[in-house]
Amino acid sequence: MPSIRLFLSLLLMALLPFPGGCAKNSPAPSKTVITLWVSSNPYEIEWAGEVVRQWNNDHPDIQVKSQPVPEGRSSEEILMASVIARTTPDICANISPTLVEQFRRAKALVALDSYPELMTALKERVPEDSLREFVSPDSHLYQVPWKCNPILMFCNMRIFRESGAVPPGTYSEWMKAAAAITGSHKGVSMTFFDASVTWHKRFFDFYALYIAASGGHTLLDRQGMPSIDNDPALAVMSFLSENFRRGFAPLEITPGDPFLNERVAVNISGPWNVANLAVEGSAISYDVFPLPVPGERRKGASHTFADPKCIGIFTTSRHPEACARFVEFMVNSKNDGLLVKKCCQLVYRRHIETSPDCAEAFSTYPVLKKFAHAVPGAHSIDQATRIMEIFDVLSMEYADCAVRGIRTPRDALTRAEARMKELME
């Protein structure tokens, strides 16, 4: 992925401090203006609009202007480009944890633990184990763990019933159900795994399945080194390979959403699909389940990928204290409940299942409670500067092994771990 590597190289060269701090000696303006970037998702734009209006009404001296992240190939590349050009907003509410260590090395993000009131609010809001996953290697926190969207398994219950199959909890149950479904429904596949080498596509196949299979492990070990040449990863890569080999997951699929079009029986995805299915697929009978695992079904909490998005304050801001106050307001219980209601996306919040501010959303979309139940077992991405390149390596071995079948699962994982470790040297 040359563009990502180019951006990374430029970021690692841009280690000079940002000039934001020098504004402290300049005369204070009569009104502080803060810029906020949010996702281009129309539901999130609407959410941000309501939050900003409420804040601006109550804080005439600190006004916030909200806009979507500028258009481009991806929000990650837009944010990278803005960091290099030092044209970042004051706050961005659409930061992937894959970017944070690069931005930290480039001195682009404010350490949030510099603001005690914000940190107190975050410690009360975010489960302790989850908050720990977002702390950088230098022991500072540069990102607010905001959205947590556990990746689970949507099952078309009509197709399962007509096939005499049940939603699988293990890989062996999956293969049995897949054989029954593809054998009884012409043109219907078990699921769709993306066959491309795009690094972030692995979030929704190998990575989510690996977290589930390993009981919550990510790609790096406690010493911060790649560690995927192991039995859980071998089971996952073998599982993916078998799905492609047996035709349970096609290499290509007809245009459109295959789950909405009922061309697949299973969709491994996040809670944002709930709103989409309510609007576009109201006739589809579906339910949501934890991801399958190798061996026997796990007892207790299940594990999966959180697909998190975080909030960061950039060091280009002339008003970091005001930004910290607004971020604290953004993630209060009322605004979290509004996000769940409008966007069908979950948040890192203790006891979210019983939160009064989320009650209306759970009443409207009862299946969201299953995602809320999965929040404590949902895991983020390792805090490492080269994490996108690590996923890039994983994706190339996934394509050669699972998709093309030119390498065995063991060889693919051995090669992947060795190449990942070279990146960390």
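- Geometrically, Arg125 does not engage Tyr348 in a cation-pi contact defined by less than 6.0 Å to the ring centre and at most 45° from the axis.
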(request) Decide side chain to side chain contact (heavy atoms under 4.5 Å, CB included) for Val38 and Val69; before the verdict, give the C-alpha distance in whole Å, the side-chain angles of both, and the deciding distance to 0.1 Å. (result) CA-CA 6 Å; Val38 297; Val69 174; over 6 Å; no
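- The shortest distance between side-chain heavy atoms of Glu44 and Lys309 does not fall below 4.5 Å.
- Side chain of Ser40 to main chain of Pro68: no donor-acceptor pair is present (N/O by atom type, distance under 3.5 Å, no hydrogens or angles).
- Among all heavy-atom pairs drawn from Pro271 and Asn149, the shortest one is CG-OD1, 3.1 Å.
- By the 4.5 Å heavy-atom criterion applied to side chains, Phe204 and Ile151 are counted as neighbours.
- Contact record, Thr218 with His379: CG2-CB, 4.5 Å, taken as the closest heavy-atom pair.
- Using modelled atom types, no side-chain atom of Ser189 and backbone atom of Ala249 make a donor-acceptor pair closer than 3.5 Å.
- Here the side chains of Ser163 and His185 are in contact, with some heavy-atom distance below 4.5 Å.
- Of the possible donor and acceptor atoms, one in the side chain of Asn230 sits under 3.5 Å from a partner among the backbone N and O of Ser227.
- Annotation: His59, atom NE2; neighbour count of heavy atoms from other residues, nucleotides and ligands within 6.0 Å is above 12.
- How far CE of Met225 is from CG of Leu220: 8.5 Å, rounded to the nearest 0.5 Å.
- In the displayed structure, Gln63 atom CD is contacted under 6.0 Å by more than 12 heavy atoms of other residues, nucleotides or ligands.
- Here the shortest heavy-atom pairing between Ala324 and Tyr115 reads CB-CG, 3.8 Å.
- For Lys201, the NZ atom sits in a loose shell: 12 or fewer heavy atoms of surrounding residues, nucleotides or ligands are nearer than 6.0 Å.
- Between Ile34 and Ile62 there is a side-chain heavy-atom pair separated by less than 4.5 Å.
- Put simply, the side chain of Thr354 gets close to the backbone of His351: a donor and an acceptor are under 3.5 Å apart.
- Contact check on Glu397 versus Arg407 returns a salt bridge, with a Lys/Arg side-chain nitrogen under 4.0 Å from an Asp/Glu carboxylate oxygen.
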(message) Pair Lys342, Leu338 - check side chain to side chain contact (heavy atoms under 4.5 Å, CB included), show working.
(response) CA-CA 6 Å; Lys342 285 191 170 295; Leu338 185 64; 3.8 Å; yes
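- Residues Pro127 and Asp129 form no side-chain contact, since every pair of their non-hydrogen atoms from C-beta on lies 4.5 Å or further apart.
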(message) If you apply the rule ring-ring contact (aromatic ring centres under 6.0 Å, His included), what do you find for Tyr171 with Phe239, and how did you get there?
(response) CA-CA 7 Å; Tyr171 290 174; Phe239 170 74; 4.1 Å; yes
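- Between Arg325 and Glu328 there is no salt bridge, since no side-chain N of the basic residue sits under 4.0 Å from a carboxylate O of the acidic one.
- Nearest heavy-atom pair across Cys401 and Ser241 is SG-OG, 3.5 Å.
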(request) List the steps, then state whether salt bridge (charged side-chain N to carboxylate O under 4.0 Å, His left out) holds for Arg349 with Asp336. (result) CA-CA 8 Å; Arg349 175 164 288 280; Asp336 278 349; 2.8 Å; yes
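- Contact check for Lys65 versus Leu36: no side-chain heavy atoms found under the 4.5 Å cut-off.
- Side-chain N/O atoms of Thr88 and Ser82 include no donor and acceptor closer than 3.5 Å.
- Residues Tyr207 and Ile211 have side chains in contact (heavy-atom distance under 4.5 Å, counting atoms from C-beta outward).
- Rounded to the nearest 0.5 angstrom, Ile181 CD1 and Phe248 CZ are separated by 9.5 Å.
- Judged purely by distance below 3.5 Å, without hydrogens or angles, the side chains of Asp411 and Thr408 pair a donor atom with an acceptor atom.
- In this structure, OG on Ser285 lies 9.0 Å from CZ on Arg158, to the nearest 0.5 angstrom.
- You'll find the side chain of Asn243 reaches within 4.5 Å of the side chain of Met175, heavy atoms only.
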(message) What verdict does the side chain to side chain contact (heavy atoms under 4.5 Å, CB included) test give for Leu219 and Tyr210, after you've listed the backbone C-alpha separation in whole Å, the side-chain angles of each residue and the deciding distance to 0.1 Å?
(response) CA-CA 9 Å; Leu219 299 186; Tyr210 175 64; 4.3 Å; yes
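- In this structure, Ser363 contributes its side chain and Ala359 its backbone to no donor-acceptor pair below 3.5 Å.
- A salt bridge links Arg410 to Asp229: one of the charged nitrogens lies within less than 4.0 Å of a carboxylate oxygen.
- Among Glu76, Glu77, Arg104, the one residue that satisfies the side chain to side chain contact (heavy atoms under 4.5 Å, CB included) test with Leu99 is Glu76.
- Atom CG of Leu413 sits about 6.0 Å away from atom CG of Leu234, to the nearest 0.5 Å.
- For the pair Lys370 (side chain) and Val288 (backbone), a donor-acceptor distance under 3.5 Å is present.
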(message) Run Val52 and Phe326 through side chain to side chain contact (heavy atoms under 4.5 Å, CB included) and show every step you take.
(response) CA-CA 9 Å; Val52 167; Phe326 176 68; 4.1 Å; yes
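- Side-chain N or O atoms of Thr315 include one that pairs as donor or acceptor with a backbone N or O of Ala108 at under 3.5 Å.
- Closest non-hydrogen pair, Asp221 versus Gln223, comes out as OD1-N, 2.9 Å.
- A tilted orientation is assigned to the rings of Phe154 and Phe371, their planes being inclined by 30° to 60°.
- Taking the six-membered ring for Trp, Phe391 and Phe203 have ring centres closer than 6.0 Å.
- No donor-acceptor distance shorter than 3.5 angstrom exists from the side chain of Ser136 to the backbone of Asp138, with no hydrogens or angles considered.
- Side chain of Ser39 to main chain of Asn41: a donor-acceptor pair is present (N/O by atom type, distance under 3.5 Å, no hydrogens or angles).
- When all heavy atoms of Gln383 and Glu101 are compared, the pair lying nearest together is C-CG, 3.5 Å.
- His217 contributes atom NE2, which lies 11.5 Å from atom CG of Asp382 (distance to the nearest 0.5 angstrom).
- Heavy atoms of other residues, nucleotides or ligands lying less than 6.0 angstrom from CD of Glu50 number more than 12.
- The line from CD1 of Ile387 to CE of Met424 is 7.5 Å long, rounded to the nearest 0.5 Å.
- Under the 30°/60° scheme for interplanar angles, the aromatic rings of Trp55 and Phe329 are found to be tilted.
- Checked by atom type and distance alone, the side chain of Gln143 pairs as donor or acceptor with a backbone atom of Phe134 at under 3.5 Å.
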(message) Set out, in order, the CA-CA distance, both residues' side-chain angles and the distance that settles salt bridge (charged side-chain N to carboxylate O under 4.0 Å, His left out) for Glu389 and Arg386, then state yes or no.
(response) CA-CA 5 Å; Glu389 290 179 286; Arg386 312 300 288 271; 2.4 Å; yes
